[in-house]
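Remarks on the structure that follows.
Chain A is the first sequence line, chain B the second, and so forth, proteins listed ahead of strands; every chain is numbered from 1.
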There are 2 protein chains.
Amino acid sequence: MAATIKEIAKIAKVSIATVSRALSNDPKVIEETKQLVLKVASDLNYNPNLLARNFVKRKSNLIGLILPDIADEFFSEIIRGVDDTALRSNYFTMVISSHKNRSLVESIQTLMGGGLAGGVIILIPYLSEDIKSALNNERIPFVIISGDNGLGSYSTISIDNYNAAYEMTQYLITQKNYTKIAFITGPADNNDAAIRQLAFKEACRNNGIRIKKSWIVEGNFSKESGEEACRKLIDSKDKPEAIFAANDMMALGCYEAIQSKGLKIPKDIGVVGFDDILLARFMNPPLTTVKVHINELGIMAAELLISKIENNNSSANRKIKVSSELVIRKSC
Amino acid sequence: MAATIKEIAKIAKVSIATVSRALSNDPKVIEETKQLVLKVASDLNYNPNLLARNFVKRKSNLIGLILPDIADEFFSEIIRGVDDTALRSNYFTMVISSHKNRSLVESIQTLMGGGLAGGVIILIPYLSEDIKSALNNERIPFVIISGDNGLGSYSTISIDNYNAAYEMTQYLITQKNYTKIAFITGPADNNDAAIRQLAFKEACRNNGIRIKKSWIVEGNFSKESGEEACRKLIDSKDKPEAIFAANDMMALGCYEAIQSKGLKIPKDIGVVGFDDILLARFMNPPLTTVKVHINELGIMAAELLISKIENNNSSANRKIKVSSELVIRKSC
DNA sequence: TACCACAATGTAAACGTTTACATTCCAACA
DNA sequence: TGTTGGAATGTAAACGTTTACATTGTGGTA
């Protein structure tokens with residue numbers, strides 16, 4: 001039912017090749033013909049069949065965005081960043097966020113193997129071996145958004161976890177004069193979390209601050225884990241003066257643990273986080289944390305991917321880190 | 001480079017038609033042949049070219065999801081709901097969230113006209129005339145997520161604004177014995193907001209509560225607008241005893257206005273909101289509000305759309321409301 | 001005038017699938 | 001034994017576009 005170039009050709013009394021050329025702004029077609037074709041096309045309410053176009057050009061203007069199977073306040077910002085950038089280059093964004101029914105590996109395979117997507121952005125906290133091998137089997141370009149440790153051979157976009165966590169630690173030590181600082185880690189298999197922990201340790205070491213083993217306590221990014229970890233910390237005989245939680249949610253858990261004990265933040269104990277979630281500024285007291293320019297993750301990933309797609313995947317693998325900034329509030 | 005059915009056919013010594021049939025589980029092909037084909041296909045690491053398939057079948061397994069040009073905590077939940085449901089029926093979800101570069105109407109046209117998407121879900125606070133006419137020009141099925149007032153001829157999925165707001169108002173009146181209740185409205189051109197306001201008024205009227213004109217004050221869903229509106233209310237000589245803000249963000253603004261005046265919630269004045277954003281439970285005091293099952297919006301929309309797609313858009317237009325519940329906390 | 005070069009347009013093949021229709025083959029039945 | 005019917009498979013067209021190559025026409029130059 002929809003108009004095709006064939007019909008346009010018939011009405012405009014030119015060949016379909018000319019129509020195609022006129023529509024794609026080929027300089028070879030004379031202005032007069034072009035105008036005629038354009039006129040007829042708009043009269044017929046013509047829209048190119050993108051399926052046919054992509055098919056014959058053997059490339060897709062779809063970018064696949066694979067998200068982990070957990071909800072997150074930041075996802076919509078990343079999606080927006082990708083989508084915004086993609087649209088600007090005439091690409092569309094396809095999102096796969098659920099892996100309940102199909103494994104992540106399956107998602108990667110259909111998306112990359114089926115030719116549906118011209119390239120894929122994968123947001124993933126940790127690259128397991130089977131995912132790596134699935135990735136290596138595919139020929140379409142892809143970009144990974146993840147904390148980058150040891151992802152040597154891939155193009156990655158990362159939060160600058162190291163510098164941010166280092167800076168925060170340094171701030172606690174040199175500006176706030178804390179000497180007894182605890183750290184609540186993220187999940188063991190999360191790259192971002194691992195780097196934050198590393199940076200914390202190195203910052204302490206470089207500033208001559210002793211890292212007590214029992215002051216590094218494991219969390220998993222959830223509020224509850226932060227609460228529990230914090231309770232351990234403040235119940236011990238040698239209480240730290242400040243707690244650096246690897247993300248804001250756990251910092252929130254710390255607040256609850258601390259305040260339920262009747263202690264005051266920051267008077268009795270300081271707390272800082274990482275992420276600057278929406279909640280952070282409304283906490284009581286407002287949380288000092290690290291703000292990451294999340295949407296840049298999406299923008300950068302899309303830009304890099306598109307350049308790969310348009311250069312036939314030949315561009316070298318790049319490593320991009322997006323900047324962050326300390327946001328000092330009242331929690332320490 | 002990727003394997004095609006042609007190569008499979010050659011190796012398996014059958015025709016491409018048989019390959020195609022075997023791969024799509026056509027009962028006509030004998031088990032033995034089918035197994036052979038499947039074996040060869042997997043040996044070759046074959047993935048069907050989805051572009052070609054969609055093209056020839058003249059249908060797309062892509063669902064377009066058009067989001068408004070504003071960020072929102074709930075978007076990722078809606079996306080997830082859509083995506084999850086879509087995947088289950090072998091559809092993919094395409095998101096368009098940015099309209100900086102192209103107008104919403106343009107987005108609708110490329111997506112619907114180009115055949116790229118088999119159907120479209122549009123999340124939009126208010127259906128303007130030009131959007132309606134763009135919609136009416138297209139032949140692909142679509143579903144609208146929006147507060148439904150006067151969208152008679154479309155399939156819509158809505159939050160049950162009316163009942164929720166009515167119930168909340170009734171709660172304030174009958175359970176909490178407030179008689180002087182103010183309402184802060186949402187933006188004028190937002191269907192959801194309009195319905196909440198209507199329900200508030202009717203609930204008051206039906207319970208014999210006087211609605212003072214100056215107690216209905218305009219907001220725009222932003223925190224700042226809530227703050228400003230609230231200031232107007234508490235500065236007036238005839239102060240209300242409770243404020244019903246049309247969303248949580250404005251309720252948060254109310255908190256700030258009220259607390260900066262040294263007044264206490266709920267002792268001096270009650271505040272309730274709508275949405276149950278993440279923040280709500282952590283506010284001080286925790287906010288009484290309305291919780292909507294947001295992900296159901298996405299699920300329902302996707303289910304309805306897919307049934308339309310698979311029935312050639314012939315199903316009648318339906319109206320679905322997703323339920324909500326009062327969540328009683330400590331703010332009134 | 002004859003020829004060439006190049007600009008504008010046309011012709012037709014190609015992309016990978018699905019599927020209507022054609023063919024083959026075999027079993028069942030008269 | 002011959003015929004019929006249906007099951008299994010094959011052949012080829014079709015989908016809407018792009019594009020390599022072919023054709024035509026025009027103006028300039030020798």
Problem - Residues A/R80, A/E77: salt bridge by 4.0 Å N-O rule - result: no
Problem - A/F75 and B/F75: CA distance, side-chain angles, deciding distance, ring-ring contact (aromatic ring centres under 6.0 Å, His included) verdict - result: CA-CA 9 Å; A/F75 285 180; B/F75 284 179; over 10 Å; no
Problem - A/S128 versus A/D130, side-chain donor and acceptor atoms under 3.5 Å - result: yes
Exercise for the section: Compare the minimum distances between each of C/dT17, C/dT19, C/dG16 and the side chain of B/K57, then state the nucleotide with the smallest one. Expected result: C/dT19
Fill in the blank from the handout: To the nearest angstrom, the NZ-P distance between B/K10 and C/dG16 comes to 13 Å
Exercise for the section: Ignoring backbone atoms, test whether B/Y46 places a side-chain nitrogen or oxygen under 4.0 Å from the OP1 or OP2 oxygen of C/dG16. Expected result: no
Exercise for the section: Grab the CG-P distance between B/L36 and D/dT9 for me, whole Å please. Expected result: 10 Å
Practice task
Please work out if B/S24 contacts a base, only the sugar-phosphate, or nothing of the nucleic acid, heavy-atom cut-off 4.0 Å.
Solution key: nothing
Practice task
Could you pull out the closest heavy-atom pair between B/I124 and B/I131, with the gap in Å?
Solution key: CD1-CD1, 3.5 Å
Exercise for the section: Identify whether a stacking contact exists between A/F55 and D/dT17, where the ring centres must be under 5.5 Å apart and the planes under 30° apart. Expected result: no
Problem - Rounded distance (Å) that lies between atom P of D/dT17 and atom CG of A/L23 - result: 9 Å
Practice task
Take the protein atom CG of A/D26 and the nucleotide atom P of C/dG10, then report the distance between them rounded to whole Å.
Solution key: 13 Å
Fill in the blank from the handout: Of A/A17 and A/K28, the one whose nearest nucleotide on DNA chain C sits closer to the 5' end is A/K28
Practice task
Check every strand shown and say whether A/I16 touches a base, only sugar-phosphate, or nothing at a heavy-atom separation below 4.0 Å.
Solution key: base
Practice task
Just call it for B/I30: base, sugar-phosphate, or nothing, with non-hydrogen atoms closer than 4.0 Å on any strand.
Solution key: sugar-phosphate
Exercise for the section: Provide, to the nearest angstrom, the distance between the CG atom belonging to B/N49 and the C1' atom belonging to C/dT18. Expected result: 13 Å
Exercise for the section: Go through the N and O atoms of the side chain of A/R21 and the base of C/dG10, and report whether any donor-acceptor pair is under 3.5 Å. Expected result: yes
Practice task
Give the rounded distance in Å between these two atoms: CG of B/N54 and C1' of C/dC15.
Solution key: 15 Å
Practice task
Mark yes when over 12 heavy atoms from residues, nucleotides or ligands other than A/Y126 sit less than 6.0 Å from its OH; otherwise mark no.
Solution key: no
Handout entry: Which nucleotide in D/dT17, D/dC15, C/dT9 has an atom nearest any side-chain atom of A/I5
Key = D/dT17
Exercise for the section: Could you check how far CG of B/L51 sits from C1' of D/dT18, rounded to whole Å? Expected result: 14 Å
Exercise for the section: Using a cut-off of strictly less than 4.0 Å, decide whether A/R53 has a side-chain nitrogen or oxygen near OP1 or OP2 of D/dT18. Expected result: yes
Completion exercise
Of B/T18 and B/R58, the one whose closest nucleotide on DNA chain D sits nearer the 5' end is B/T18
Problem - C/dT9 phosphate, OP1 or OP2, under 4.0 Å from A/S15 side-chain N/O - result: no
Handout entry: Distance in angstrom units between B/N61 CG and C/dT17 P, rounded
Key = 14 Å
Practice task
Among C/dG10, D/dT9, C/dG16, find the nucleotide with the atom closest to the side chain of B/V29.
Solution key: D/dT9
Exercise for the section: Check whether any side-chain nitrogen or oxygen of A/S20 sits under 4.0 Å from OP1 or OP2 of D/dT18, and answer yes or no. Expected result: yes
Handout entry: Presence of A/T4 side-chain N/O under 4.0 Å of D/dC15 phosphate oxygens OP1/OP2
Key = no
Practice task
May I ask you to check whether B/S323 and B/D160 show a side-chain donor-acceptor distance below 3.5 Å?
Solution key: no
